Undergrad: 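I'd like to ask you about the structure that follows.
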Amino acid sequence: GTQAGDFTSNNNPGSFNGGVSWTAGKKGRAAAFLGSSSYIDANASGLAWQNVFQIGLDFTVSLWVKPTNIGYYTMVGQRYGDAMVFGIGDGTIFPAGRLFLNMDDGRAASPYSTASVVAGVWQHVAVTFKGSDASYAATFYINGVAAGTGTSSDGNGIDLVDLLYI
């Protein structure tokens with residue numbers, strides 16, 4: 001099919017765009033992204049990201065990834081504007097292969113992991129964000145092992161009308 005299901009109580013499936021297809025995954029099937037214009041629009045029901053990742057609240061994002069090479073990847077985030085992005089760095093802004101969380105417009109310091117993901121290997125990656133106590137701590141995990149903690153901005157520079165993409 002051309003949709004990724006949402007098996008949470010939110011029931012917000014995502015639509016494939018730009019050549020996304022199904023492939024063999026770590027467990028069952030996985031979405032394969034064919035270049036920088038491939039994405040899953042997770043706003044099929046019109047939800048903006050702030051309904052999912054609210055400023056001032058805690059959240060966790062986790063997923064299985066198997067990057068074909070180490071480059072800049074937005075794994076989950078907003079597509080345009082001042083954005084919330086959980087991604088993999090390419091050595092330009094963030095160190096190559098390191099996970100990062102940008103919670104502002106890019107002008108604020110964004111934390112990144114101390115360990116790197118590996119190309120061609122399935123890895124479970126996650127970030128937790130602690131916004132409820134105003135510490136704005138982001139903790140990264142690779143395959144269940146803590147891979148660094150850093151302080152993010154509070155997210156006040158994020159454009160709240162941008163939508164969520166995978």
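Since this is a predicted model, take the numbers as computed values, not measurements.
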Undergrad: I'd like to know if V61 and W122 are part of one continuous hydrophobic network [Ile/Leu/Val/Met/Phe/Trp/Tyr, side-chain heavy atoms within less than 4.5 Å].
TA: no
Undergrad: Write down the atom of V117, the atom of P67, and the distance for their closest heavy-atom approach.
TA: CG2-CG, 4.4 Å
Undergrad: Decide yes or no for T60 and V127: does some side-chain heavy atom of the first lie under 4.5 Å from some side-chain heavy atom of the second?
TA: no
Undergrad: Within a strict 4.5 Å, meaning less than it, do heavy atoms of the T128 and D58 side chains meet?
TA: no
Undergrad: Could you report the tightest heavy-atom contact between S116 and A96, atom names first, then the distance?
TA: OG-O, 3.6 Å
Undergrad: Is it true that a side-chain atom of Q123 and a backbone atom of V118 form a donor plus acceptor pair closer than 3.5 Å?
TA: yes
Undergrad: Might you point out which heavy atoms bring L34 and G19 nearest each other, and give the distance in Å?
TA: CD1-O, 2.7 Å
Undergrad: If you take all heavy atoms of L99 and Y141, which pair is closest and at what distance?
TA: CD1-O, 3.7 Å
Undergrad: Can you name the closest pair of heavy atoms from R98 and A115 and give their distance?
TA: CD-O, 3.3 Å
Undergrad: To the nearest 0.5 angstrom, please state how far the CZ atom of F33 sits from the CG atom of N17.
TA: 10.5 Å
Undergrad: Please answer whether the main-chain N or O of A147 pairs with a side-chain N or O of T114 as donor and acceptor at a distance below 3.5 Å.
TA: yes
Undergrad: Taking C-beta and beyond as the side chain, do P111 and F140 meet within less than 4.5 Å on heavy atoms?
TA: yes
Undergrad: Sequence neighbours excluded, which residues qualify as side chain to side chain contact (heavy atoms under 4.5 Å, CB included) partners of F94?
TA: F100, S110, Y112
Undergrad: Working to the nearest 0.5 angstrom, can you tell me the gap between F59 CZ and F86 CZ?
TA: 9.5 Å
Undergrad: Going only through I, L, V, M, F, W and Y residues with side-chain contacts under 4.5 Å, is there a path from W64 to I142?
TA: no
Undergrad: Where do N69 and A119 come nearest, in terms of heavy atoms and distance?
TA: CA-CB, 3.8 Å
